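Each remark here refers to the structure printed beneath this line.
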Amino acid sequence: MGSLVLAQVVTGTALAAHADTSPAKDNVIAAAREEAAKTAKMPSRQVSAEQLLALAEKQVGISENGSGGGTKFHAWYMSSPRAKETVARDTGTIAGYADAAWCDMFVSWVGTQLGLQDTVGTDAYTVAHAKWFAGHDRWGTTPKPGAVVFFSFNGGKSFDDIEHVGFVIKDNGDGTIKTVEGNTDGGKVEIRTRPASQIVGYGYPSYAA
């Protein structure tokens, strides 16, 4: 994962641009914006679920620091325009994302790297992200490769019960699914097996056939 230093650089630039405008900090933000601009130009129809999952699985092993932050997913989200929007919606500060739960930042990062932000969605709050899929008529209960899967570990089935998110790799056919997730119990990106009893539902991005 990205270092805590990177997260601090991004936070400092986002929140205190007038206090410190060093070239190093400016370069971090400029690079993030340039990458976002490049990927935003990629038509969704050119990206398959397999390609998205390949990128997600390449992140396996990335781990947070001792404070629960410091990943490249935190740094990216804090530098994105979306962070300002979600802070306005949920209250708080951009700096608060530095050590926040990051499972949804991971999902959002993966989608955005491939230019799929309009169909995968971008958020840091799982409940709002699930409702976004439902609001776009892309919500259901069937596991599909590349679907965004939302969990409630106590078995709740309402949107407000959601507390975790990841991507479906496959339906195992035995009442479980194989997933790739960020911010697992060990604070890492991992491939996991999850029971259907923990699943609230699925959001379906649009992929190439």
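Below, each value reflects all heavy atoms present in this structure, side chains not excepted, and no hydrogens, waters or symmetry copies. Please read these numbers as outputs of a predicted model, since none were measured by experiment.
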Worksheet item: So, the side chain of Glu190 versus the backbone of Gly61: is there a donor-acceptor pair under 3.5 Å, distance only?
Response: no
Worksheet item: So, Asn183 side chain and Gly187 main chain: donor-acceptor pair closer than 3.5 Å or not?
Response: no
Practice prompt. Identify, with sequence neighbours excluded, every residue that meets ring-ring contact (aromatic ring centres under 6.0 Å, His included) alongside Phe133.
Written response: His129
Item to complete: Using side-chain contact (heavy atoms from CB on, under 4.5 Å) as the criterion, list what pairs up with Ala83, not counting sequence neighbours.
Response: Tyr77, Ser80, Ile94, Tyr97
Worksheet item: Side-chain contact, heavy-atom cut-off 4.5 Å: Ser108 with Phe106?
Response: no
Worksheet entry | Within one Ile-Leu-Val-Met-Phe-Trp-Tyr cluster: Ile162 and Phe153, side-chain cutoff 4.5 Å | no
Practice prompt. Enter the distance from Met78:CE to Thr93:OG1 here, rounded to the nearest 0.5 Å.
Written response: 10.0 Å
Fill in: Within-4.5 Å side-chain heavy-atom neighbours: Thr193 and Asn172
yes
Response to the item:
Between Leu52 and Leu114, the two heavy atoms sitting closest are CA-CD1, 3.5 Å
Worksheet, complete the sentence: Between Pro145 and Ala49 the two heavy atoms that sit nearest each other are O-CB, 3.5 Å
Worksheet item: Judged by atom type as modelled, is there a donor-acceptor pair below 3.5 Å linking the side chain of Gln51 to the main-chain atoms of Ser48?
Response: yes
Worksheet item: Does Val47 share a hydrophobic cluster with Val168, counting links as ILVMFWY side-chain heavy atoms below 4.5 Å and allowing steps through other members?
Response: no
Worksheet item: How about Gln117 and Arg82: do any of their side-chain heavy atoms sit closer than 4.5 Å?
Response: no
Worksheet item: Between Arg89 and Asp123, is the closest basic N to carboxylate O distance under 4.0 Å?
Response: yes
Worksheet item: Quick one: side-chain contact (heavy atoms from CB on, under 4.5 Å) partners of Val165, sequence neighbours excluded?
Response: Cys103, Asp104, Val107, Thr126, Val148, Phe150
Discussion item. If I compare all heavy atoms of Ile169 with all of Glu57, which pair ends up nearest, and what's the gap?
Written reply: CD1-OE2, 3.8 Å
Worksheet item: Is it true that the NZ or CZ of Lys144 lies under 6.0 Å from the centre of Tyr202's six-membered ring and within 45 degrees of the ring axis?
Response: no
Fill in: Within-4.5 Å side-chain heavy-atom neighbours: Pro143 and Ile177
yes
Worksheet item: Quick check: does any side chain N or O of Thr119 sit under 3.5 Å from a backbone N or O of Ser206, one acting as donor and the other as acceptor?
Response: yes
Discussion item. The criterion is side-chain contact (heavy atoms from CB on, under 4.5 Å); which residues satisfy it with Ser197, sequence neighbours excluded?
Written reply: Pro195
Worksheet entry | Cluster check Phe151, Val120: I/L/V/M/F/W/Y, side chain < 4.5 angstrom | no
Worksheet item: In terms of side-chain heavy atoms, does Asp90 have a donor or acceptor partner in Thr86 at a distance below 3.5 Å?
Response: no
Discussion item. What I'd like to find out is whether the side chain of Thr179 reaches to under 4.5 Å of the side chain of Ile191, using heavy atoms alone.
Written reply: no
Practice prompt. Evaluate the criterion side chain to side chain contact (heavy atoms under 4.5 Å, CB included) for residue pair His164 and Gln198; output intermediate values, then yes/no.
Written response: CA-CA 10 Å; His164 188 59; Gln198 296 180 345; over 6 Å; no
Worksheet, complete the sentence: Correct closest heavy-atom pair for His74 and Thr71 would be ND1-OG1, 2.7 Å
Worksheet item: How about Lys58: does its NZ atom have over 12 heavy atoms from other parts shown lying under 6.0 Å from it?
Response: no
Practice prompt. Just grab all the salt bridge (Lys or Arg N to Asp or Glu O under 4.0 Å) pairs involving residues 171-183, residues at least two apart or on different chains.
Written response: Glu181-Arg194
Practice prompt. Give the cluster check for Leu53 versus Met105: same hydrophobic cluster or not, with ILVMFWY residues linked at side-chain heavy-atom distances below 4.5 Å.
Written response: yes
Worksheet, complete the sentence: Looking only at heavy atoms, the pair that brings Gly156 and Val200 closest together is O-CG2, 3.4 Å
Worksheet item: Glu85 side chain to Pro81 main-chain N or O, any donor-acceptor pair under 3.5 Å?
Response: no
Worksheet, complete the sentence: Of all heavy-atom pairs linking Thr112 and Trp76, the shortest is OG1-CZ2, 3.5 Å
Worksheet item: Ring centres of Tyr125 and Trp132 under 6.0 Å apart?
Response: no
Worksheet item: Are Val127 and Val149 connected in a single hydrophobic cluster, I mean Ile/Leu/Val/Met/Phe/Trp/Tyr linked by side-chain heavy atoms less than 4.5 Å apart?
Response: no
Discussion item. Under the rule for salt bridge (Lys or Arg N to Asp or Glu O under 4.0 Å), what residues qualify as partners of Asp185, not counting sequence neighbours?
Written reply: Arg192
Discussion item. Can you tell me which residue among Phe167, Trp102, Phe73 is in a ring pair (Phe, Tyr, Trp, His ring centres under 6.0 Å) with Trp109?
Written reply: Phe73
Worksheet item: Quick one: does Arg138's side chain have a donor or acceptor within less than 3.5 Å of a partner on Gly203's backbone?
Response: no
